[in-house]
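Report on one structure; see the data block that follows.
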2 protein chains.
Amino acid sequence: MKTMHKEHTLTKNQQIIFDLIDKSPEPMKAYSILFNVQKKGIKAPLQVYRALDKLVEIGKIHKIESRNAFIACHNSSCQVANATAFSICEVCEKVTEISSVGLSKYLANFKDKDGMKYSKYNLEFFGLCKKCR
Amino acid sequence: MKTMHKEHTLTKNQQIIFDLIDKSPEPMKAYSILFNVQKKGIKAPLQVYRALDKLVEIGKIHKIESRNAFIACHNSSCQVANATAFSICEVCEKVTEISSVGLSKYLANFKDKDGMKYSKYNLEFFGLCKKCR
DNA sequence: TACATGGTGTTATATTATAACAATTTAAAT
DNA sequence: ATTTAAATTGTTATAATATAACACCATGTA
Ligand SMILES: [Zn+2]
Ligand SMILES: [Zn+2]
Ligand SMILES: [Zn+2]
Ligand SMILES: [Zn+2]
């Protein structure tokens with residue numbers, strides 16, 4: 001049985017950059033990514049940003065907007081929805097993707113005062129992680 | 001009777017920049033703000049960013065993270081909580097601050113899988129506004 | 001007074017991101 | 001197989017966003 005969402009074969013640059021982000025325990029910034037992939041032949045910011053744009057578009061990674069950093073997705077449903085939620089520790093900067101059915105249902109069904117619904121959203125929670133309390 | 005939250009008397013630069021943002025029908029970017037206040041003697045990016053930082057801190061304005069832009073707050077509760085929600089039109093870029101008691105209660109009470117609660121958050125919904133549909 | 005705190009003005013610089021253009025690769029469509 | 005369109009790449013240059021460092025000033029207060 002086939003999966004519901006389209007499969008994307010990553011190109012060489014996309015794969016290199018995805019692998020790096022996926023292995024990283026913390027969100028990575030674009031120029032840190034650039035520095036780390038220069039030995040693999042990716043030399044210019046644009047090469048990084050183009051791969052990042054595509055990876056975000058297909059849901060393999062997410063951008064943490066408040067940090068200008070990128071994290072790999074491990075939640076298959078994001079790859080369709082572009083509906084994301086994270087918790088961010090304000091002390092150690094640890095970022096965790098939240099995958100809560102309750103939360104995503106609540107947000108997907110939320111109506112603003114014009115009765116408008118939104119299938120796409122980004123939520124960032126801030127606080128202290130377990131370790132930092 | 002006094003208000004619950006601390007009153008902040010804005011300094012000259014803060015007031016100039018707040019007034020500009022407050023009058024703007026759309027979120028303003030830092031360098032657009034700079035351009036617009038140069039006639040009032042604010043000449044350097046840092047003067048703008050310092051005022052913006054303070055205004056964000058005291059909740060008079062909010063940063064729309066996905067747009068690197070700033071919008072005035074008209075919701076008094078944000079000034080205490082730094083818990084914000086916006087809807088953003090992906091066509092015309094109209095941004096509206098959402099003030100829904102239900103939503104803010106839900107988010108303030110949300111517990112992640114470690115049982116952790118977060119009083120501070122930023123939520124950005126994306127879609128099409130009324131006019132753009 | 002002396003001290004602390006926060007704001008200001010200034011120059012320089014760091015960080016994040018895109019424009020523009022030519023060449024190449026890939027995957028259909030004929 | 002050949003043509004075509006779409007996507008990706010490589011490259012140089014530049015735009016847009018944000019902070020570092022330092023000297024100075026204003027205000028409150030011990
Ligand atoms: Zn995800
Ligand atoms: Zn932490
Ligand atoms: Zn607000
Ligand atoms: Zn619109």
Side-chain angles (χ1 to χ4, degrees), chain A residues 5-21 24 26-71 88 90 93 95 122 124, chain B residues 5-21 24 26-71 88 90 93 95 122 124:
Chain A
H5 57 273
K6 189 177 175 191
E7 293 296 338
H8 290 271
T9 312
L10 300 185
T11 65
K12 183 168 138 288
N13 287 2
Q14 288 162 12
Q15 190 69 58
I16 290 169
I17 287 170
F18 175 71
D19 287 345
L20 178 67
I21 296 172
S24 171
E26 63 211 20
M28 293 194 75
K29 305 198 137 213
Y31 277 73
S32 158
I33 293 168
L34 175 58
F35 178 81
N36 278 277
V37 296
Q38 276 178 333
K39 61 191 71 114
K40 305 216 168 176
I42 296 175
K43 290 175 195 159
L46 244 197
Q47 295 175 287
V48 172
Y49 279 105
R50 286 197 282 226
L52 289 174
D53 285 350
K54 191 68 185 180
L55 290 167
V56 166
E57 184 192 326
I58 65 182
K60 299 280 288 179
I61 65 173
H62 303 303
K63 182 172 185 182
I64 309 300
E65 293 287 357
S66 66
R67 300 299 187 259
N68 298 316
F70 300 85
I71 191 176
I88 302 173
E90 289 183 298
E93 292 293 323
V95 173
N122 181 57
E124 298 179 5
Chain B
H5 56 276
K6 189 179 177 191
E7 294 295 337
H8 290 273
T9 311
L10 301 185
T11 65
K12 184 168 139 285
N13 288 1
Q14 288 163 10
Q15 189 69 57
I16 289 169
I17 287 171
F18 174 72
D19 287 344
L20 179 67
I21 297 171
S24 172
E26 63 212 18
M28 294 195 74
K29 305 197 136 214
Y31 277 73
S32 159
I33 292 167
L34 175 58
F35 178 81
N36 278 277
V37 297
Q38 276 178 334
K39 63 191 70 115
K40 303 215 170 178
I42 295 175
K43 290 176 194 158
L46 205 45
Q47 295 174 286
V48 173
Y49 281 104
R50 285 197 282 225
L52 289 174
D53 285 350
K54 191 66 186 183
L55 291 167
V56 166
E57 185 193 326
I58 65 181
K60 298 282 288 181
I61 65 173
H62 303 303
K63 183 173 187 182
I64 310 300
E65 293 286 357
S66 65
R67 299 300 187 260
N68 296 317
F70 300 85
I71 191 176
I88 302 172
E90 289 183 300
E93 293 291 324
V95 173
N122 180 247
E124 297 181 5

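Every chain is numbered from 1, with letters handed out A, B, ... down the list of sequences. All values below were derived from every heavy atom in this structure, side-chain atoms included, with hydrogens, water molecules and symmetry-related copies excluded.
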Is the shortest heavy-atom distance from the side chain of B:F70 to the side chain of B:I64 under 4.5 Å?
no
On the side chain of A:Y31, is there an atom forming a donor-acceptor pair with the base of C:dA14 - under 3.5 Å, no angle test?
no
Would one find a side-chain N or O of A:K12 under 4.0 angstrom from OP1 or OP2 of D:dT8?
no
Quickly, which of B:V48, B:I42, B:N36 forms a side-chain contact (heavy atoms from CB on, under 4.5 Å) with B:L20? Name it, please.
B:N36
Spacing between B:E65 atom CD and C:dT16 atom C1', to the nearest angstrom:
14 Å
Verify the contact: side-chain N or O of B:Q47 to OP1 or OP2 of C:dT8, cut-off strictly under 4.0 Å; return yes or no.
no
Once you round it to whole Å, what is the distance between P of D:dA15 and NZ of B:K29?
16 Å
Once you round it to whole Å, what is the distance between P of C:dT5 and CD of B:E57?
15 Å
Donor-acceptor pair, B:Q14 side chain versus B:K54 backbone, under 3.5 Å?
no
Taking 4.0 Å as the cut-off, does a side-chain nitrogen or oxygen of A:T11 come that near to OP1 or OP2 on D:dA7?
no
Check whether any side-chain nitrogen or oxygen of A:K63 sits under 4.0 Å from OP1 or OP2 of C:dA17, and answer yes or no.
yes
Interatomic distance, A:M28 CE vs C:dT16 P [rounded to whole Å]:
12 Å
Given C:dT16, D:dT9, C:dT10, the nucleotide with the shortest approach to the side chain of B:K43
C:dT10
Could you check which of D:dT11, C:dT10, D:dG10 has an atom nearest any side-chain atom of A:A44?
D:dT11
In whole angstrom, what separates A:K54's NZ from D:dT9's P?
10 Å
Here the distance between atom P of C:dT18 and atom CG of A:D53, to the nearest Å, is 6 Å
Do B:N122 and A:S66 come within less than 4.5 Å of each other through their side chains, counting heavy atoms only?
no
Could you work out which one of D:dA18, D:dT11, C:dT16 sits closest to the side chain of A:N68?
C:dT16
Ranking C:dA20, D:dT19, C:dG9 by distance to the side chain of B:N13, first place goes to C:dG9
Main-chain N/O of A:A44 paired with A:Q47 side-chain donor or acceptor, under 3.5 Å
yes
Atom CD1 of B:I33 and atom C1' of D:dA18: how far apart are they, to the nearest Å?
13 Å
Of the listed nucleotides C:dC21, C:dA17, D:dA18, the one nearest the side chain of A:R50:
C:dC21
A:L46 CG to D:dA7 C1': how many Å, rounded?
15 Å
Which nucleotide, C:dG7, C:dA19, D:dT17, lies nearest any side-chain atom of B:Y49?
D:dT17
